[in-house]
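Everything on this sheet refers to the single structure shown next.
For the numbers below, each heavy atom of this structure counts, side chains included, while hydrogens, waters and symmetry mates do not. None of these values were measured; they are calculated from a predicted model. Below, chains carry the letters A, B, ... as their sequence lines are ordered, and counting in each starts from 1.
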Amino acid sequence: LTAISDLEVLSVEVKGKLWYLRYPIEGRTFSAEDPASYIVVATTRPETMLGDTAVVVHPEDPRFADLIGKNVVLPLTGRLIPIVGDDYVDMETGTGAMKVTPAHDFNDFEIGKRHDLGFINVLDIEGRIALANNAEFLAGLPGSADLTETLTLDGVERFKARDRVVAMLEARGLVEKIEPHPHKVPHGDRSGVVIEPFLTDQWYVDAHTLAQPAIAAVKDGRTTFVPKNWEKTYFEWMENIQPWCVSRQLWWGHQIPAWYGPDGAIFVEKSEAEAKAAAEKHYGAPAELTRDPDVLDTWFSSALWPFSTMGWPDETPELKRYYPTSVLITGFDIIFFWVARMMMMGLHFMKDKDGNPEIPFHDVYIHALVRDEKGAKMSKSKGNVIDPLSLIDEYGADAVRFTLAAMAAQGRDIKLATNRVAGYRAFATKLWNAARFAEMNGCVAAGACAPETVTTTLSRWIVVETGRTADAVSAALEAYRFNEAAAAIYKFTWGTFCDWYVELVKPVLLGDDDVAKAEARMVTAWVLEQILRLLHPFMPFVTEELWAQTAPEDQPRTTLLAHANWPAPCLNDTKAADEINLLVELVSAIRSVRAETNVPAGAQIPLQLVGGGEAIRKLVTVHGAAIKRLARISDIGLADKPPAGSAQMLIGGGLACLPLKGIIDLDAERARLEKELVKIDADVARIDAKLGNADFVARAPEEVVEEQKERREDALTRSAKVREALERLKTPA
RNA sequence: GGGCGGUUAGCUCAGCUGGUUAGAGCACCUGGUUUACACCCAGGGUGUCGGGGGUUCGAAUCCCUCACCGCCCACCA
């Protein structure tokens with residue numbers, strides 16, 4: 001039977017005062033000059049002294065050793081209250097003696113319970129002093145002039161009453177001193193007024209008992225938190241759980257199923273009819289009952305969610321199918337409020353097929369919390385909420401959703417930055433344009449597509465890369481690494497499909513080879529469709545729209561994209577993948593050299609390839625046209641040694657040379673090579689330092705040492721080639 | 001006061017069990033009128049991984065400590 005519900009409390013720093021009050025000791029004649037005749041207690045709320053029921057000192061405090069067990073006469077009331085000893089008291093603080101008001105202070109309440117003290121409520125629900133009809137207050141008080149005066153405080157507002165109590169005490173020489181005392185006072189977060197602890201009757205749930213199975217379920221892994229470190233928070237709370245006050249004085253909610261008989265007897269039943277029956281049995285005759293007007297804490301009702309939403313207590317098919325659920329996704333701030341309580345309730349009410357308590361869910365994914373730009377938690381009462389609707393108006397729902405996924409790294413909070421959202425809006429546009437390109441080139445998903453049977457290297461490459469992306473996205477999603485999943489599909493869509501595949505397939509689509517064209521169209525449509533599937537969880541709207549629009553005119557979609565199958569790899573061809581990836585590497589390298597050596601953008605330059613074997617030869621024979629177009633190369637030849645005065649790149653074990661004499665900015669090329677050389681030499685030096693360390697060679701795992709050796713060889717080779725290239729630049733032939 | 005987490009590029013953030021050449025988006029710089037896209041294309045990394053100490057052959061990553069920031073819980077007569 002206590003009070004003080006869990007309303008949101010704001011601690012506010014106030015310039016308070018500390019009043020030192022003298023409480024006369026029973027049987028000694030009070031005199032301000034005789035410290036032995038009284039005991040001094042300090043308080044920040046002097047008006048609560050009317051409800052004092054003890055003075056407490058530390059049991060081992062020598063100053064008060066002889067006083068424990070004696071009484072003091074509580075001023076203004078004449079009540080005799082005991083001096084008790086309790087460890088709670090800090091001997092160093094204040095006077096070492098504390099007044100105890102169990103009805104109006106949390107700690108005093110606990111002390112009151114420990115020492116079997118009275119609980120005298122001296123306030124009414126409006127925060128006024130309530131003494132006149134207060135049986136607890138009046139009980140056992142002898143009439144006196146002081147008491148009569150005190151009773152005139154009845155109905156006085158608490159802070160006015162404080163002044164009057166102090167004045168009355170001062171008039172009697174009972175105030176020793178008053179000190180300024182800045183301290184924190186709890187304020188209601190909505191009303192803004194000082195909160196007064198206050199006794200009321202409430203309903204409680206024995207949370208400690210319910211918590212035990214809920215703790216065990218997480219300890220033995222039946223329910224897992226992701227990320228795992230939140231389990232600590234969960235245990236911390238569950239192991240120190242307090243009785244749960246479930247009654248609320250609100251106008252809405254599940255009304256508490258408790259009925260009171262005429263004499264106050266309580267009947268807790270499932271329905272009014274059952275309560276009436278129980279009352280009739282109890283009284284031997286029908287009785288008039290009144291139902292408790294309180295409603296259940298909203299979290300009590302919410303705790304029933306996993307099963308009450310599916311028809312419980314009836315044994316419905318839904319309940320059978322969906323309890324327990326696979327994953328609960330929520331924010332860490334309601335692990336206590338909701339997760340813990342669903343665990344307790346689920347394990348209490350639900351049983352598996354063997355009759356054992358059944359958890360409500362297997363995984364609990366704790367997502368990041370979106371904070372405002374200053375990093376503060378958004379809250380309705382603070383008013384710092386970023387309205388997702390206005391973000392959506394500006395950037396689109398898909399961009400907002402994708403941003404949240406991309407930023408949802410585990411264990412981190414999100415400070416929502418609109419530039420990220422803008423970036424992902426561009427991504428949605430990019431996807432739309434890619435689909436437009438496909439449409440303009442007749443790439444529609446006509447009929448059955450068998451991507452594993454495609455023939456060209458380009459087709460096989462993109463099919464393989466699509467599969468690799470599907471794997472990456474799936475693995476990330478399964479591990480709840482949503483940001484990695486988002487990054488993987490983003491990178492593939494933009495960086496691989498749009499930037500390379502589309503550019504490489506353009507000649508085929510625009511060419512005359514109808515067989516090749518047909519395959520290219522089919523593959524392009526197929527890849528785009530895989531992208532839509534993989535991207536759908538992150539950008540549901542644009543992908544669903546494209547899914548419908550990219551259907552062949554005579555074959556409209558028969559299902560929503562949301563219901564379509566999830567992609568998986570269907571082709572394994574590392575040779576094709578390596579071949580195109582080498583092409584990509586070569587084109588990138590040429591572009592880089594062109595830019596760094598200030599080759600005019602429009603200039604067509606020749607390319608000479610040296611060494612490198614089969615892989616390099618294939619580049620020329622199979623992909624020559626692509627290289628010419630993408631890297632702006634006039635013609636490609638194979639050579640035995642690098643032509644004089646050329647820029648050189650290391651590619652696939654061979655050398656790619658751009659004979660740029662006359663076009664090239666030689667100084668720029670030299671600077672480029674020297675910059676590269678510095679990097680390589682730094683690498684070599686670092687690796688040498690490692691390998692030169694006997695401890696490293698002796699203690700590091702063999703494969704790590706091997707890897708370093710290989711890396712060293714590689715770096716040395718590159719270093720030598722770059723040096724040669726530099727030499728050739730210095731002595732142009 | 002107790003507990004948890006953070007500090008990495010100008011900004012917002014990745015970097016999972018120690019071995020990467022420390023990455024992405026945005027911003028920025030250079031250059032682009034090729035028939036999907038300027039919400040674009042190509043190129044460029046601009047960094048003492050908060051400070052200090054330690055463990056280790058090896059630390060952005062593990063430990064200690066300091067500083068600052070944030071959150072949760074409790075609150076002192």
Salt-bridge present (Lys177(A), Glu179(A); N to O < 4.0 Å): yes
Distance check: side-chain N/O of Thr429(A) vs OP1/OP2 of C40(B), anything under 4.0 Å? no
Which pairs pass side chain to side chain donor-acceptor pair (under 3.5 Å) with one or both residues in residues 501-511 of chain A, sequence neighbours excluded? Tyr501(A)-Thr524(A), Glu503(A)-Lys506(A)
Dot-bracket encoding of pairs in RNA chain B, which uses [ ] for pseudoknotted crossings and | for another strand, Watson-Crick or G-U under 3.5 angstrom: (((((((..((((.....[...)))).(((((.......))))).....(((((..]....))))))))))))....
Heavy-atom nearest nucleotide on RNA chain B for Arg632(A) versus Asp695(A): which residue maps closer to 5'? Arg632(A)
Basic-acidic side-chain contact under 4.0 Å: Arg425(A), Glu394(A): no
Using the 3.5 Å cut-off, write out each protein N or O paired with an N or O of nucleotides 21-29 of chain B and the distance between them.
unit_1: U21(B); atom_1: OP1; unit_2: Arg711(A); atom_2: NE; d: 3.4
unit_1: U21(B); atom_1: OP1; unit_2: Arg711(A); atom_2: NH1; d: 2.8
unit_1: U21(B); atom_1: OP2; unit_2: Arg711(A); atom_2: NH1; d: 2.5

Distance check, P atoms only: G51(B) and U7(B), in whole angstrom units. 12 Å
Remember a base hit wins even if backbone is also touched, and classify Asp90(A) as base, sugar-phosphate or nothing at under 4.0 Å, heavy atoms. base
Per the atom types in the model, does the base of C37(B) pair as donor or acceptor with the side chain of Lys430(A) at under 3.5 Å? yes
Is there a side-chain contact between Lys506(A) and the phosphate of U35(B), meaning an N or O under 4.0 Å from OP1 or OP2? no
Base, sugar-phosphate, or nothing: which does Glu503(A) touch, judged by heavy atoms less than 4.0 Å apart? base
